[in-house]
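The figures here come from the full heavy-atom set of this structure, side chains too, leaving out hydrogens, waters and symmetry mates. Throughout, a chain's letter reflects where its sequence line sits, starting with A, and its residues are numbered from 1.
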Amino acid sequence: MEKTKEKDETGFSPSGAARTPGAQTALEASSAAAESADQYKVKLAVFEGPLDLLLFLIRKEEVSIYDIPIARVTQQYLDYLRAMQELDIGVAGEFLLMAATLIQIKSQMLLPRDPAIPEDQVEDPRAELVNQLLEHQKFKAAANALHQRATIESATFTRGELETDKENPEVSSTIFQLFEVFQEVLSRKRAITEIEIAREELTMAEKITEIKRLVSGGGTVSAREMFERARSRRELVLIFLAVLELVKELAIRLKQADTFGEILITKREEEAGAGGAGPDSEGGAAIN
Amino acid sequence: MMIEELKPIIESLIFVSEEPMSIRQLVAILEGESAEDIEAACEELGREFNERGSGLELRQVAGGYRLATRVEFSEYVRRYLKAQPSARLSLAALETLAVIAYKQPITIPEILEIRGVTSTSAIKTLLDRRLIVAKGHKQVVGRPMMYGTSKEFLIHFGLNDLSELPNLEDFEDLMSS
Amino acid sequence: MMIEELKPIIESLIFVSEEPMSIRQLVAILEGESAEDIEAACEELGREFNERGSGLELRQVAGGYRLATRVEFSEYVRRYLKAQPSARLSLAALETLAVIAYKQPITIPEILEIRGVTSTSAIKTLLDRRLIVAKGHKQVVGRPMMYGTSKEFLIHFGLNDLSELPNLEDFEDLMSS
């Protein structure tokens with residue numbers, strides 16, 4: 001499948017420049033099958049898909065599409081797949097699927113006919129494949145016709161731009177573009193949010209450093225005073241979160257003398273063994 | 001208004017318009033004039049361009065009229081514009097486009113069915129080139145998106161409408177030759 | 001080349017050019033033709049436009065020749081241009097429309113939140129073009145107006161209903177190949 005994707009973009013690149021779209025051309029290009037491996041590789045790449053390859057084989061064998069000698073064609077088809085594999089050309093899943101279909105048809109053809117079914121009602125196991133090939137063939141011809149039309153069209157030109165033409169960047173609005181634009185807006189919003197989060201984290205880190213510095217000399221800082229210094233709601237929240245973070249890290253200790261009294265922040269010294277009042281309950285109580 | 005009077009007005013309107021100008025648009029601008037008269041004026045205008053051997057012609061494209069240079073002078077125009085022929089469509093894209101043009105509206109799985117090969121990247125190319133448009137979801141399991149051709153498609157291939165596409169059945173029996 | 005042969009070529013060249021076409025440029029493109037012949041052809045071309053009462057005229061402006069609509073039809077041309085803002089939307093308007101289409105009903109502050117820029121003039125454009133409609137007040141502080149897409153929106157984008165808007169899955173269908 002990867003292969004198909006690539007081809008889409010390079011379909012008419014220099015190596016393919018000589019061919020014009022359409023069944024015939026593709027087939028003829030391939031039928032000039034070269035002997036050397038390198039050339040072989042190039043020719044194989046011409047097949048757009050399993051139906052293309054089959055049509056090529058049918059034409060090469062000069063057999064009727066309505067009466068395909070399925071055993072012979074299947075053998076050739078498999079030979080081609082093998083060649084592709086040997087040449088290390090990735091064989092797309094569709095080619096393998098067709099191989100399975102061919103083998104199935106071949107085995108159905110070998111089955112003895114049920115004598116109970118009248119001859120005119122026996123269904124040819126190839127019928128579906130033939131229809132598919134015919135249909136495919138028609139569309140290839142249609143593609144060729146479209147290409148010819150486009151070539152003629154490209155030889156006519158419309159007027160140069162006038163001042164009256166809109167200055168807006170051309171935004172023709174197909175429904176998929178609307179969706180794409182919507183996705184773009186959303187991803188832009190996401191990017192902005194990410195920047196904001198990043199900025200917030202930075203400030204949070206700054207606050208933590210600031211608090212650590214304030215209590216580093218063994219001094220005591222009033223939580224209320226610190227909250228009051230906040231210039232915005234956001235900063236207030238950040239200070240609050242920074243304090244919580246430091247309590248969690250066991251870097252500071254919160255103390256409250258009486259129930260409605262000041263909460264004081266001090267640096268927490270290393271403690272050997274945690275007593276009855278653990279750091280969590282202590283900090284938690286103070287904050288509540 | 002007489003048709004003779006309508007002609008130059010219509011000519012200037014078609015010239016100014018960036019897109020093919022439809023009879024309906026002309027009727028809306030030329031209040032009080034009948035669609036029949038306007039159409040007759042357009043026809044006559046087109047005939048006159050041809051008769052005087054102008055470098056331009058009045059073409060009917062995508063349901064409207066537009067002025068364009070004549071094919072026989074393309075070499076000079078190209079030389080002047082140094083125009084690169086616009087990026088050609090790949091074989092895969094053209095075949096996919098043909099299937100969509102004749103079978104629209106059609107879903108990606110249905111295209112796969114016909115082409116025997118996945119066409120998603122071709123479809124992406126065609127959407128990017130605005131040759132096809134989404135035509136809503138099909139009311140079947142998975143609700144796949146349906147695709148059809150656009151106005152750009154008609155313009156790109158110089159068609160007035162989809163009925164101008166050659167009959168698909170005419171392409172039959174190419175194998176027997 | 002005869003002057004008669006030069007005329008249509010020059011006509012098509014002037015037609016496709018975005019800038020006035022100078023005699024010097026024409027001489028460069030039409031290798032081997034004399035400036036005198038080219039100038040004579042231009043003069044004759046201009047005279048013919050006038051004589052046949054065309055809607056267009058060949059004007060000589062600074063630097064060269066250009067085709068333009070005749071002043072007497074400017075009223076119609078203006079009328080057309082005014083009625084014109086059909087298919088094109090500015091990027092801002094298109095973004096706003098996309099947000100409204102996918103998030104409707106939605107208020108202006110909510111659109112601001114998503115787009116990160118104010119959209120008031122885009123909303124005005126969209127209302128003028130009838131692509132969106134007011135959908136009543138939201139029952140929150142300030143009771144801001146909510147907006148949603150209109151029937152014209154569906155028509156413009158060829159949708160039967162909003163469920164036909166492409167979704168992420170449709171997009172992924174295209175990407176997975």
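The neighbour count for C:Glu19 CD, taken as heavy atoms of other residues, nucleotides or ligands under 6.0 Å away, does not exceed 12. Around CD of B:Glu72, the count of heavy atoms belonging to other residues, nucleotides or ligands within 6.0 Å exceeds 12. More than 12 heavy atoms of other shown residues, nucleotides or ligands fall within 6.0 angstrom of atom CD in C:Glu5.
Comparing C:Ile14, C:Leu13, C:Ile10 by how many heavy-atom pairs each has under 4.5 Å with chain B, the most go to C:Leu13. When each of C:Met21, C:Arg70, C:Arg52 is scored by its heavy-atom pairs under 4.5 Å with chain B, the top score falls to C:Arg52.
The contact between C:Gln25 and chain B is made entirely by side chain atoms (from C-beta outward), counting heavy-atom distances below 4.5 Å. Neither the backbone nor the side chain of B:Glu57 comes within contact range of chain C; no heavy atoms are under 4.5 Å apart. Residue B:Leu56 touches chain C through both its backbone and its side chain, counting heavy-atom pairs closer than 4.5 Å. With a 4.5 angstrom heavy-atom cutoff, C:Leu67 touches chain B via backbone and side-chain atoms both. In this structure, the portion of C:Phe15 lying under 4.5 Å from any heavy atom of chain B is its side chain and not its backbone. Only the backbone of C:Ala68 comes within less than 4.5 Å of a heavy atom in chain B; its side chain stays farther off. For C:Ser163, the parts sitting under 4.5 Å from any heavy atom of chain B are the backbone and the side chain alike.
Residue C:Ser54 comes nearest to B:Pro8 through the heavy atom pair C-CB, 3.9 Å, listed as atom of the first residue, atom of the second, then distance.
The salt bridge (Lys or Arg N to Asp or Glu O under 4.0 Å) search around C:Lys103 returns none, not counting sequence neighbours. Remark: C:Tyr147 engages no residue in a ring-ring contact (aromatic ring centres under 6.0 Å, His included) (not counting sequence neighbours).
When C:Ile9, C:Leu26, C:Val16, C:Leu30 are each tested for a side chain to side chain contact (heavy atoms under 4.5 Å, CB included) with B:Tyr80, only one passes: C:Val16.
Contact of the B:Ser12 side chain with the C:Tyr76 side chain is not registered, since no non-hydrogen atoms from C-beta on lie closer than 4.5 Å.
Note that CD1 of C:Ile29 and CZ of B:Arg78 are 14.5 Å apart. Values are rounded to the nearest 0.5 Å.
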